[in-house]
Amino acid sequence: MKYSDITPTFGAELAAGTQLTELSDDNVIALKQLAAERGIVVARDQNMDVHDQAAFGHRLGPIMDAPQKIPDVPDGLILIQAGPKSRAVAGQKWHSDVSSEPIPPGISMLRMEVVPPSGGDTLFADMYGAFEQLSPALQNFLKQLNARHDPKGHYLYLSGAKRLGELPSTSHPVVRTHPLTGRNALYVNSGFVGRINELSSLESERLLALLYDHIAYSVNIQCRVKWEPNTVVFWDNRVVQHHAAFDYYPEVRRGYRVTVVGEAPYLAN
Ligand code: SIN
């Protein structure tokens with residue numbers, strides 16, 4: 001696969017002319033490996049509709065169920081939409097998609113159809129880099145810990161439950177190993193994590209605040225994607241967090257996301 005780096009350590013943009021719908025099975029394996037190594041992969045100018053996107057998602061792995069069923073849109077696609085009536089958008093804080101699942105997502109694939117004249121970028125942060133930039137002493141401490149991830153509102157649609165409190169939380173290691181690279185990444189996010197299990201409530205709160213500040217302020221582990229119509233971005237939720245900028249109100253931004261099931265997070269070493 002031909003691509004250019006977005007930063008020296010993070011993100012890849014596929015060469016102009018690459019059409020995802022024409023990739024061979026070997027190329028799809030290479031794309032998953034590239035997402036594992038570089039965190040995010042950007043593909044511009046894709047000739048793709050919702051049906052092609054669903055078909056491509058299935059080539060990446062089993063697709064997670066989606067909260068909405070949209071007429072004429074294949075199951076599993078989530079509509080990402082904002083316009084003049086929007087007061088907030090999905091993903092407006094640093095997070096890893098639905099990490100409260102016992103088997104959380106691997107790759108997410110977002111394809112944008114309508115973009116605002118300016119703004120509406122998605123920011124990404126590299127959790128390999130976030131972990132590796134910590135001191136060895138803190139790295140070793142974090143490797144002993146697990147965090148509780150709590151479901152958020154959209155799960156109510158999927159589960160049929162009436163209240164969030166009826167839905168189970170899940171614990172995952174604070175540091176996880178990517179199965180394709182063997183590298184360790186920080187795996188706590190402000191979107192879903194309630195607390196660190198092994199610490200007191202105060203210790204957990206302060207340690208999470210330190211880690212979230214580290215993620216938010218470490219600009220050298222981040223990149224930012226400017227969307228164009230027909231841009232597709234893949235991110236590997238095992239090792240990446242993202243943050244949707246909502247700076248374009250009242251303009252319209254619309255696209256679809258497919259989320260591919262990963263595996264239960266583990267720490268190998
Ligand atoms: C999301 O959190 O998946 C939405 C990202 C975006 O809209 O840029």
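None of the values given here were measured: they were computed from a predicted structure. All values below were derived from every heavy atom in this structure, side-chain atoms included, with hydrogens, water molecules and symmetry-related copies excluded. For ligands, and for the atoms within them, numbers begin at 1 and follow the listed sequence.
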| field | Per-atom contacts, ligand 1 versus G91 - under 4.0 Å to a heavy atom | value | 2 (O)

| Atoms of ligand 1 close to T122 [distance to a heavy atom under 4.0 angstrom, numbered from 1] | 6 (C), 8 (O)

| field | Carboxylate-amine/guanidinium proximity below 4.0 Å for R238 and E263 | value | yes

| Does ligand 1 have a heavy atom under 4.0 Å from the side chain of F246, from its backbone, from both, or from neither? | neither

| For R87 and Y249, does a side-chain donor sit closer than 3.5 Å to a side-chain acceptor? | yes

| Under 4.0 Å between a Lys/Arg side-chain N and an Asp/Glu carboxylate O for D97 and R257? | yes

| said: Can you tell me which portion of V89 lies within the under-4.0 Å heavy-atom range of ligand 1? Options are side chain, backbone, both, or neither. | reply: neither

| query | Are the charged groups of K152 and D150 less than 4.0 angstrom apart, N to O? | reply | no

| Nitrogen or oxygen of H95 less than 3.5 angstrom from that of ligand 1 | yes

| query | So which protein heavy atom does atom 3 (O) of ligand 1 come closest to, and at what separation? | reply | R257 NH1, 2.8 Å

| request: Please determine, by modelled atom types, if T181 and Y128 share a side-chain donor-acceptor pair under 3.5 angstrom. | output: yes

| task | Considering only NZ, NE, NH1 and NH2 on the basic side and carboxylate oxygens on the acidic side, decide whether E113 and R253 come within less than 4.0 Å. | result | no

| remark: Atoms of ligand 1 under 4.0 Å from any heavy atom of R253, numbered from 1 in the order shown, are 6 (C), 7 (O), 8 (O)

| task | Flag the pair E37 and R183 as a salt bridge only when some basic side-chain nitrogen lies within less than 4.0 angstrom of an acidic carboxylate oxygen. | result | no

| Those atoms of ligand 1 less than 4.0 Å from some heavy atom in I80 | 7 (O)

| query | Which residue owns the protein heavy atom closest to atom 1 (C) of ligand 1, what's the atom, and how far is it? | reply | H242 NE2, 3.4 Å

| Under a 4.0 Å N-O cut-off, is there an ion pair linking R59 with D25? | yes

| said: Would H243 count as a contact residue for ligand 1, given that I'm defining contact as a non-hydrogen atom of the residue lying under 4.0 Å from a ligand atom? | reply: no

| note | The atoms of ligand 1 lying under 4.0 Å from a heavy atom of W235, numbered in the order shown, are 3 (O)

